[in-house]
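Taking it in order: structure first as structure tokens, then the write-up.
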Amino acid sequence: MPKSKTILVIQRAILYLILLSICLLAMFPVLWALSTSLKIESQVVTFPPKWIPKPITFFRYVEVFVSKRFPIYLLNSIIVSVVSILLAVGTATLAGYSSARFTFPGKEVILFLILAATMIPGISIIIPLYILSNRMHIYDTRAVLVLVHTGWRIPISTWLMRGFFESIPSEIEEAATIDGCSWFQAFYKVSLPLVTPGLGASSILVFIYVWNDFLIGFTLTVSDRTKVATVGLYEYLTMFGVEWGDLMAAVILTILPVLLLFFGLQKWFIQGLTRGAIK
Amino acid sequence: MQKKYYLRAYSLMLPAVLIVLVVAVYPIFYAVDWSLYNTRYLEKVDFIGFKNYLDFFRNPNAYRSLFVSFVYLFGSLGLSLTCGVGVALILDKPIKIRGLFRTIVIMPWVVSQTINALVWKWLLNANFGAVNYFLVSLHIGKIDFFSTPSLALPTLIFMNFWTTYPLAVVLALAALQTIPGELIESAKIDGASTFRIFLNIKRPLIQPTILVIVILLSLLYWNMVTLIYVSTAGGPLRRTETISVYLFKNAFEDWNIGYAAAIGVVMFIANIIFSLIYIKLLKRETYA
């Protein structure tokens, strides 16, 4: 029995209504934070709340930037993220390539080891890492953050890169070698450009994990010189008498890079997420 | 020639394997070692065998944390899975500006747990929060979500759902999009209802993906510290103290390093069990 036109229209309308409310739920917390960050103090601490800031003020952002500490935290987040991406994706690309192109004794064992490492939860090894970093005198440095992040992100990145290398035929490289390329040139000039989506997917996944991390930053650093943005935000919250407007300005500054990259590189991000989940 | 080939393969592998060994594999053995000792701050005092483990299984707070963890896990999972698959089914339909809708739906996934906690704390603020405005308009009155023992955990479950269910959407949508359109079309021609089509065609085809979602989210929820620690630090009255938060507080607030290391090993074993079930179920699904 064919449905009548009105029923179809109503069905459509309901569908869009559901979708719109889901989108509203997704955006509302962030919009609320944004709105708070643009308000003067008397409009922040008022009930019923004012939805739209009037007048709009940017002094909270100025305050966050002239405060001595938060810009350093943001800078630390940037440094730790960028170096971790380079190291994690770099080493994972080499390992992924090796496992996709070479056959060698012990390969299965190594791959199993890398896969097994993904089953070790961070919370179970954060204590050993705290003790070890103290013993090795690298506690409270950006270097230890980079090292731990790199190690924790290598397994999944290796798995991703391996998949991408396997999807390009090895004949292309063989042809390049016959034309006089060394194996390294064949890897570097022929295969690597072909796995750009893989490099992009791995990089954005590593970035989001590292940028958003709290556990490692909170446990392995203590001084203002090394603190990352998420830890700085947390400490702001636990301080006596939190200024919500200032805190929300810092929150917006901290999620801005993630949101921009997410909106810009969404295709890579989704590809990484789906490929990484189904091993 | 052969030697050179192997050398190449191994040296490409070496950096990645070395770093993983140092910061993931070695530390878990280190944790097992420390879990067998009585400790004072960062010193091992005496070897006590499995006493830390026995203490864990004799401690009422540990049992409470396990209970909270399971409520947190299954509560979040139930919400995320149903809503995730539901939203994926909607996004799989031919709707206008689907790309934009999808982007906005997925966005909460990239918001960090720290920021999630801070923003929701402000949204739910007892005095000036936006949510309390709606509650007052509905004549319910203001509620202090994080200080009310019976509400703190459900609130956290909802916050957790908000940020994690997009993973279910992404994976379920990817699976739904691999279903050939002709299959659905011919079922429609045969007069099957939308519900029947989901139950008898789509659901069996995305079953393996649903399993993947269940395991990935379960592990994520089981191991989660940040969201809970930043929002409530386990309170009020330990009502939101999951096993991971219990471990974290034992380690970095009370400095019971040996005991906390033992909890870490228990959690690790639970992770292995989850993962093994996952692999087993997945194999059965693919070869069934």
Side-chain angles (χ1 to χ4, degrees), chain A residues 15 18-19 22-23 26-27 29 32-33 36 45-49 91-92 94-95 97-98 102 104 110 114 117 119-121 123-125 127-129 131 134 147-148 150-152 154-155 158 208 212 214-215 219 230 233-234 237 244 247-248 251 254-255 258 262-263 266 270 273-274 277-278, chain B residues 6 8-10 12-13 15-17 19-20 22-25 27-28 30-31 42 87 90 93 95 101 103-105 107-108 110-115 118-120 122-123 127-128 130 133 167 170-171 174 212 216 223 225-226 230 244 247-248 251-252 257 260-261 264-265 267-268 271-272 275:
Chain A
L15 207 66
I18 296 174
L19 214 46
I22 292 164
C23 289
M27 290 193 305
W32 170 249
T36 304
V45 285
T46 181
F47 197 88
T91 51
L94 299 181
Y97 180 73
S98 173
F102 294 79
F104 51 89
I110 293 175
I114 289 177
M119 289 182 209
I120 302 173
I123 182 72
S124 296
I125 49 176
I127 298 168
L129 289 169
I131 303 170
N134 267 293
L147 181 68
V148 174
T150 302
W152 287 13
I154 281 177
T158 303
I208 287 173
N212 286 348
F214 170 80
L215 186 67
T219 37
T230 48
L233 288 174
Y234 169 75
L237 177 80
W244 287 102
L247 181 58
M248 288 303 127
V251 158
T254 312
I255 42 176
V258 180
F262 166 68
F263 288 128
Q266 200 197 143
I270 289 176
L273 219 52
T274 33
I278 297 145
Chain B
Y6 284 149
R8 234 175 254 161
Y10 288 124
L12 288 171
M13 271 289 181
V17 172
I19 300 175
V20 171
V22 171
V23 298
V25 180
I28 196 73
Y30 202 83
L42 298 189
V87 172
I90 295 179
K93 288 184 188 298
I95 43 176
F101 277 126
T103 307
I104 296 173
V105 165
M107 190 212 53
V110 302
V111 174
S112 73
Q113 291 173 36
T114 321
I115 288 179
L118 295 179
V119 171
W120 279 96
W122 174 227
L123 264 170
N127 293 318
F128 314 113
Y133 166 74
L167 181 72
V170 171
L171 298 181
V212 172
L216 285 179
N223 298 325
V225 184
T226 305
V230 176
S244 46
L247 182 165
F248 193 74
F252 298 108
I257 295 290
V265 174
M267 288 192 65
F268 172 55
N271 272 265
I272 297 176
S275 307

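A, B, ... follow the sequence lines: proteins, then strands. Residue 1 opens every chain.
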Practice problem: Evaluate whether atom OH of B/Tyr133 has more than 12 neighbouring non-hydrogen atoms of other residues, nucleotides or ligands under 6.0 angstrom away. | Solution: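 Atom OH in B/Tyr133 is not packed in, count stays at 12 or less.
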Side chain / backbone / both / neither for [X] at chain A, heavy atoms under 4.5 Å:
X	result
B/Thr114	side chain
B/Phe268	both
B/Val17	side chain
B/Phe101	both

Taking all non-hydrogen atoms of both residues, which atom of [X] and which atom of [Y] are closest, and how far apart?
X	Y	answer
A/Ser124	B/Met267	OG-CB, 4.0 Å
B/Leu12	A/Leu94	O-CB, 3.4 Å
A/Leu129	B/Pro27	CD2-CG, 3.8 Å
B/Met107	A/Met27	CE-CA, 4.3 Å
B/Ala130	A/Trp32	N-CZ2, 3.7 Å
A/Ile154	B/Ala16	CG2-CB, 3.8 Å

Does any backbone or side-chain atom of [X] lie under 4.5 Å from a heavy atom of chain B? Answer side chain, backbone, both or neither.
X	value
A/Ile123	both
A/Thr230	both
A/Ile110	side chain
A/Met248	side chain

With side chains defined as the heavy atoms from C-beta onward, is the minimum distance between [X] and [Y] less than 4.5 Å?
X	Y	answer
A/Phe104	B/Met13	yes
A/Thr150	B/Val23	no
A/Leu215	B/Phe248	yes
B/Gln113	A/Phe214	no

Choice from [options] maximising heavy atom contacts with chain A below 4.5 Å:
options	result
B/Leu167, B/Leu118, B/Asn127	B/Leu118
B/Val110, B/Val105, B/Leu42, B/Ile104	B/Val110
B/Val87, B/Ile95, B/Leu123	B/Leu123
B/Ile90, B/Thr103, B/Val20, B/Val170	B/Thr103
B/Pro15, B/Ala174, B/Ala24	B/Ala24

Practice problem: Specify which of A/Ile18, A/Val148, A/Thr158 makes the most heavy-atom pairs with chain B at under 4.5 Å. | Solution: A/Val148
Quiz prompt | Best-contacting candidate, A/Thr219, A/Ile208, A/Thr254, against chain B by heavy atom pairs under 4.5 angstrom | solution =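 Maximum pair count with chain B is reached by A/Thr219.
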Exercise. If the plane angle is over 60° it's perpendicular, under 30° parallel, otherwise tilted; pick one for A/Trp244 and B/Trp122.
Key: parallel
